[in-house]
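As structure tokens, the structure follows; a few thoughts come after it.
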Amino acid sequence: MTTQKYFPHVNGKMFAENVALSNIAKQVGTPFYCYSNTAISQNFKDYQQAFSTALTNQETLICYAVKANGNQAVLSTLAKLGSGADVVSMGEIRRARAAGIPANKIVYSGVAKVEPEIEYALNEGIFQFNIESEPELELISQVATRLNKIAAIAFRINPDVCANTHAKISTGKAENKFGVPISKARQAYNRAASLPNIKVQGVDVHIGSQLTQLTPFEEAYKRIAQLVIDLRSDGHDINVVDIGGGLGITYNDEVIPAKEDYAAIAKKQLGHLNCKIVVEPGRSLLGNAGILVSSVVYVKTGEERQFLILDVGMNDLIRPSMYDAFHEIIAVDISKTALKTYDIVGPVCETGDTFAKGRQVHESQSGDLIAIMSCGAYGAVMASTYNTRMLAPEIMVKDTDFAIVRPRPNYDEVINADIVPSWV
Ligand SMILES: *Cc1c(COP(=O)(O)O)cnc(C)c1O
């Protein structure tokens, strides 16, 4: 079992910081996402500390990857601690700016930036475009020229290293759609330098997500360091290295390298270049800072197995069905019963709507609360209303306070969003 420091059981009842989950459930109903503000803040401060300590002589900037969890309360928390943002759409730029993240701390990644997005980013004055292809470079130059702005750019380099993670979240192999192959990088930078309204300033790399080893990072950074040297000898003024995100979290029994060791790798491989180092963590800031709380609807005895049927489904948390992801599942009240083995499923009409098979949970009955752990990243942001289920509300807790940071929508809002044409 992972240590759930910010979601402890006290006298057999689970809390988020110092708020009983049963209390929140009583007031907002289930299911709901619940985030620990203290956990988010502490994770961010740990990154800041690790990188500023390892890279004492260099500027470092932590740009939180907004796609992991874009709630305004989350972004505001991080903005106040000095975070920048790694964004992948105009929507995420807007979210980051609305939460008070300065434009000059925003890096813009993504393989398919469209013209209005590029225009918006240029008008905001973001810190850097992380360009993923030569056609994108050409378009950014055209838009910047039309607006009479300068686009500061890095290329996202695909270093062709194996991240040893799930195939759907591996991004740094030659076969992945992301980035410019390292073998074509010098040519791409030369092209960039020749285009109007483009300022070449950095190199970017992001090899995947949920990495549990440092070796792939080290291998990637080694290749990037050599590239920076080559680019400088080609006459480019490279002064930023964006090392991406991707450090994993403990969902089950994964042993995750310390942030200090991750920072030490960055220093070892990149420290001599004297560049500003940008880090883009998402999952490792939010993942273990959030949970998803649901109620048992029915306990169903099948021919071979016992099913715990929850009021939360794959539409609320898609990671188990999309990535075969493991999430720890714990009864909120463990004071009265012993462990029992269940298949834990949701209400959605898909066999894939299964959170766990043959999992031990304290014996539960209809109405009992069940917590799905480590859902703070890639949880609520990936939710949908499939089966016309309302999006689960999001709650933030800090010490003894809790607040609804996104309410549960009502049925009218959702149904009235559709329009029936007069000719139907
Ligand atoms: C998703 C993503 C991140 C964040 O990845 P995590 O694994 O959540 O840390 C960082 N940078 C880019 C370019 C991404 O696409």
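Just so it is clear, the structure is predicted and the values come from calculations on it, not from any experiment. Both ligands and their constituent atoms are indexed starting at 1 by order of listing.
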request  = Would you mind listing every side-chain hydrogen bond (donor to acceptor under 3.5 Å, both in side chains) that reaches into residues 375-389, with sequence neighbours excluded?
outcome  = Asn315-Arg389, Asp316-Arg389, Glu350-Tyr386

task = Could you list all the side-chain hydrogen bond (donor to acceptor under 3.5 Å, both in side chains) pairs where at least one residue sits in residues 142-155, not counting sequence neighbours?
result = Glu115-Arg146, Glu119-Arg146, Thr145-Asn197

inquiry  = Before we go on, tell me: are the rings of Tyr64 and Phe44 under 6.0 Å apart, centre to centre?
reply    = no

key: Protein residues having a heavy atom less than 4.0 Å from any atom of ligand 1   = Ala65, Lys67, Asp86, Ser109, Arg156, His206, Ser209, Gly245, Gly246, Glu280, Pro281, Gly282, Arg283, Tyr378

ask   = Within the side chain of Ser83, is there an N or O that forms a donor-acceptor pair under 3.5 Å with the backbone of Ala79?
value = no

query = Mind checking whether Met390 and Asn410 have side chains closer than 4.5 Å, heavy atoms only?
reply = no

For Phe155, ring-ring contact (aromatic ring centres under 6.0 Å, His included) partners two or more places apart = Tyr189

